[in-house]
Structures are given as C-alpha cells and as structure tokens.
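Atom set for the values below is all heavy atoms of this structure, side chains included, hydrogens, waters and symmetry mates excluded. Bear in mind that the values here come from a model prediction, so they are computed numbers and not experimental data.
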Amino acid sequence: MTPSPKGARGDLFDPACPTRLLLDRIGTKWTSMAVKVLAEAGPDEVRFAELQRRMPGISQKMLSVTLQSLARDGLVERRVEPTVPPRVHYRLTGLGHSLEVPLAALRTWAEEHMAAIDRANAAADEAAPTRR
C-alpha cells in the first residue's frame with residue numbers, strides 16, 4: 001500500500017487508504033492499555049516488565065509486538081540500557097500523547113456501556129433460534 005503524501009488527511013472509506021490499517025493497529029485493547037499506562041507515567045519511562053505487570057493477561061510476545069508497532073508508528077520511544085540482561089524502557093512521544101485523549105474516551109465509553117451491551121447480547125442470544 002502506498003503511503004499518504006506528507007500532510008495529507010486519510011479517507012477511511014477509501015479501500016486503498018492506509019487509515020484502515022492504522023485503525024487496526026491502534027484499535028486493539030492492548031494498544032489502548034499500553035498507551036494508558038505510558039500516559040500515566042509520562043514523562044517518565046516505563047520498563048518492559050512493569051508494562052507487562054500493569055497489563056494483566058498480556059503475554060510477553062503480544063506486549064513486544066504491540067510496543068514494536070507503536071514504536072514503528074512513532075507513538076512510543078524505546079531506550080535500551082546495555083546491561084545483562086538489557087533493560088528496555090518505553091515512553092510516549094508527543095504523537096503518542098495525542099492518542100491518549102481519544103483512546104481514553106473510548107475506554108470510558110466501553111466501561112460505562114458494557115452492562116447495556118451485555119444485556120443486548122443476552123437478548124439477542126435468547127431470540128436466536130436454536131441450531132442443531
């Protein structure tokens with residue numbers, strides 16, 4: 001996929017627009033949690049092990065993949081101390097901090113409306129014909 005011209009705004013409804021891929025990356029629960037943890041720590045850095053501890057349920061591999069993606073997108077800075085074993089630290093960039101506000105709004109919405117969504121799912125399950 002061809003990158004957008006510098007400064008160009010994306011168009012979510014254009015099938016060839018990279019905006020769709022970006023939303024896939026930033027729209028995950030792990031991205032939202034990582035950004036929240038790093039935003040709360042800002043401007044300080046957070047070590048990899050601390051991030052994993054503060055994100056219950058995330059595997060080491062998934063955290064690594066999530067942080068690599070965030071760093072590649074310019075949302076997170078990564079610093080490695082040359083120790084044995086290496087100490088790896090992360091912090092949000094300015095661009096990463098700008099993502100925290102919309103993600104926080106989405107997290108708040110999800111937390112406030114989860115019970116209603118659960119009720120709607122239960123009602124849909126009850127109304128659905130039993131398949132055999």
Identify the two heavy atoms, one from [X] and one from [Y], that lie closest to each other, and give their separation to 0.1 Å.
| X | Y | answer |
| --- | --- | --- |
| A39 | E100 | CB-CG, 3.7 Å |
| M55 | A34 | CE-N, 3.7 Å |
| V80 | P86 | CG1-CB, 3.8 Å |
| A41 | V46 | CB-CG2, 3.3 Å |
| G42 | H97 | CA-CE1, 4.4 Å |
| C17 | G10 | SG-CA, 3.7 Å |

Find the distance between [atom1] ([X]) and [atom2] ([Y]) and round it off to the nearest 0.5 Å.
| X | Y | atom1 | atom2 | value |
| --- | --- | --- | --- | --- |
| M62 | Q52 | CE | CD | 12.0 Å |
| L75 | R25 | CG | CZ | 8.5 Å |
| R119 | H113 | CZ | NE2 | 10.0 Å |
| H89 | E50 | NE2 | CD | 12.0 Å |
| L51 | Y90 | CG | OH | 8.0 Å |
| E45 | L92 | CD | CG | 11.5 Å |

Is it possible for you to say whether [X] and [Y] belong to one hydrophobic cluster, with membership spreading through side-chain heavy-atom contacts below 4.5 Å?
| X | Y | value |
| --- | --- | --- |
| M114 | W109 | yes |
| V65 | L38 | no |
| L70 | L22 | yes |

Tell me whether [X] contacts the main-chain N or O of [Y] through its side chain, where contact means a donor paired with an acceptor under 3.5 Å.
| X | Y | answer |
| --- | --- | --- |
| S98 | L95 | yes |
| T66 | W30 | no |
| R20 | L12 | yes |

*Might you confirm whether atom CD of Q60 has over 12 heavy atoms from other residues, nucleotides or ligands at distances under 6.0 Å?*
no
*Does a side-chain N-to-carboxylate-O contact under 4.0 Å join K36 and E40?*
yes
_I'd like to check R78 versus V88 (side-chain heavy atoms, cut-off strictly below 4.5 Å). Are they in contact?_
yes
*T31 side chain to T28 side chain, donor-acceptor N/O pair below 3.5 angstrom*: yes
